[in-house]
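Naming: A, B, ... by sequence-line order, numbering from 1 per chain.
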There are 2 protein chains.
Amino acid sequence: MPAPRLIALDWGTSSLRAYLLGDGGAVLQERAEPWGVMHTPDGDFARAFGAMVGAWRREWPRLPALAGGMIGSAQGWREVPYVRCPAGAEALSAGLAAVDAGDGTSMQIVPGVLEDGAIPNVMRGEETQIIGAMEIDPSLRQRAHVVLPGTHSKWVDVREGEITSFTTYMTGELFAVLREHSILGRPARGTAASSPAWPAFERGVDAVRASGAAGVSGLFFSARTLVLTNRLRAEESLDYLSGLLIGEELRCALGEEVGREPLVLVGDRVLCQRYQRALALFGMENVSAIDNASIAGLWRIAVTAGLIDEATSATEGLR
Amino acid sequence: MPAPRLIALDWGTSSLRAYLLGDGGAVLQERAEPWGVMHTPDGDFARAFGAMVGAWRREWPRLPALAGGMIGSAQGWREVPYVRCPAGAEALSAGLAAVDAGDGTSMQIVPGVLEDGAIPNVMRGEETQIIGAMEIDPSLRQRAHVVLPGTHSKWVDVREGEITSFTTYMTGELFAVLREHSILGRPARGTAASSPAWPAFERGVDAVRASGAAGVSGLFFSARTLVLTNRLRAEESLDYLSGLLIGEELRCALGEEVGREPLVLVGDRVLCQRYQRALALFGMENVSAIDNASIAGLWRIAVTAGLIDEATSATEGLR
């Protein structure tokens, strides 16, 4: 195995992933546990850290460790102050904060980003994915819209390698609470989960797209009434609802900006596929998607912060 | 006490109200229990009916009984088929269905209304309130928008005394699930409920109004970030969220139709007050509100169906 250079941790709300990275950010080993910030056993982050990466640290004691995500929130190990827009790898590196791992070593945490203003926005974890996406596709650095679908989807403007502004759409959380707790989830309760019913999904997207300025609010109830009137099968109703919600996100976010700038999806492959289908209905075919961007982002931030020496790594990477 | 003419029941999802009505629909006595369709003890509707109005029926055995609301749904006592738009008092009367009260008497149930189409809409209970609103304010009969705020708000077009079309906004249910189950409810959890924080509410309404075609989707998260950045007090955040949701309902529903036709609110006085404040921010001052419209609606439907003789009642009412 090539020499390890960095322990990188993607420590979010629901899961913890750890990567042993070699030169150039190549993944040498990886581990995952469902120990997200809200699910860390006993809320003992130091112990979870030890259980996750202790073996690596014992074998390579001087290896730096860098984590991104909700582990830097008020609910995490240490609340790391947000850095403000515009923010790129430099600002994020300057904002790193360390926690004591309890074994004489420490772990650095990437700060989140705040866009202040009348409608403030915050992110934690996405900033690292965005830095990573620019590593993977350097053409995004100059000017791009980066879309990170999820519980709290982010639509992020990138200019000259920096996050300049962004908006949050609570699409994933809305879907989850409506599925679990509203009348709209009732028809599909008890039906087996299966592969996406794409026609039902696309029907939802199209209904919102066709609504123009009105949007989804007057359409939610149709996820129930279409089932009541036998025009939608109960087991398809959640895909229809997913289409309504993702369609609404696109309707709002694209607004008049469609086609002006390169748009790229960053995130989970399966979720990005849903967005790609929805974007196609809005006339944007073949939008590319980047998965696993956190790893490249953590590498870039570690290099920028001087935790590791890129020059050495680059040279070694060429050997 | 004047002679009773009708037992009228407003039997919804969460509550059951019963009225002993005299000539002209005057309320002689009333009772209320939290025995809505989802909370009827043991789901035994006949027993709840007996406990609620049995004494009246024993004293006046030939009194007809008429109920409106979710009691006519699949989850109620008997599923009464929807009548289709356009629907007025005649169509609703023709659609009444009886249930056996078990004591040798029966109760009639008002049907709901279905607007069929690509985006179907249904109501149960609101149709009775609309008929009642037209009794209370006959000027609405010719042409009006009737707005019934609630769990599933309805915006209803009325023409010549009939419901011709309507849209559902799940404003109340969205508020409830976001407050109870989403991250947006978290700041205010544990804070005491108090009188509405009107400035926070109006700030939410205004944020949506100012968003133009984009709407609320990109604004939800601000109910959290404004608290995070100390621009909104945690205990005001739910009123801000209420403003966002009611603002979105108005933004969508009013669209380009503002001011074209008389608009009236029908429903709970406190909730209507919230809508009146929001409507004022959309430039519609002094929109009137009608409470307790169900009673007048049940009376009108009972008369139209021949359950009671209006001629007699009208004469008696003039004495």
*Asks:* Give the member of L219(A), L114(A), I183(A), V216(A) that has the highest number of heavy-atom pairs under 4.5 Å with chain B.
*Replies:* I183(A)

*Asks:* Indicate yes or no for a side-chain donor-acceptor contact from R231(B) to the backbone of G117(A) under 3.5 Å, with no hydrogens or angles considered.
*Replies:*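 Looks like yes, one N/O pair under 3.5 Å.
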
*Asks:* Does the side chain of L178(A) reach to within under 4.5 Å of the side chain of L174(B), using non-hydrogen atoms?
*Replies:*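 Yes, side chains in contact.
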
*Asks:* If you count heavy-atom pairs under 4.5 Å between each of A74(A), P120(A), G218(A), G212(A) and chain B, which one has the most?
*Replies:* P120(A)

*Asks:* Output yes when a side-chain donor or acceptor of R251(B) lies under 3.5 Å from a complementary backbone atom of A213(A), and no otherwise.
*Replies:* yes

*Asks:* Measure A118(B) against the heavy atoms of chain A and call it side chain, backbone, both or neither at under 4.5 Å.
*Replies:*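 Just its backbone gets close to chain A.
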
*Asks:* First locate atom CE of M123(B), then atom CZ of F221(A), and finally report the distance between them rounded to the nearest 0.5 Å.
*Replies:*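 That separation rounds to 10.0 Å.
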
*Asks:* Measuring from atom CG of L184(B) to atom CD of E173(A), what distance do you get when rounded to the nearest 0.5 angstrom?
*Replies:*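 The CD atom of E173(A) is 6.0 Å from CG of L184(B), to the nearest 0.5 Å.
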
*Asks:* Can you list the residues of residues 165-172 of chain B that sit under 4.5 Å from chain A, counting heavy atoms only?
*Replies:*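 Residues in range: T167(B), T168(B), Y169(B), M170(B).
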
*Asks:* Between S222(B) (side chain) and I119(A) (backbone), is there a donor-acceptor pair under 3.5 Å?
*Replies:* no

*Asks:* Going by side chain to side chain donor-acceptor pair (under 3.5 Å), name the pairs with one or both residues in residues 70-85 of chain A, residues two or more places apart or in two chains.
*Replies:* R84(A)-D116(A)

*Asks:* Sort L245(B) into side chain, backbone, both or neither according to what part of it lies under 4.5 angstrom from a heavy atom of chain A.
*Replies:* neither

*Asks:* Looking at chain B, which one of S217(A), C252(A), A214(A) has the largest number of heavy-atom pairs inside 4.5 Å, strictly under?
*Replies:* S217(A)

*Asks:* Is it the backbone or the side chain of T229(B) that comes under 4.5 Å from a heavy atom of chain A, or both, or neither?
*Replies:*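 Contact with chain A: side chain only.
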
*Asks:* Roughly how far, to the nearest 0.5 Å, is the NE2 atom of H181(A) from the OG atom of S182(B)?
*Replies:*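 Here the interatomic distance stands at 10.0 Å.
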
*Asks:* Are R224(A) and V122(B) side-chain neighbours, meaning at least one heavy-atom pair lies under 4.5 Å?
*Replies:* no

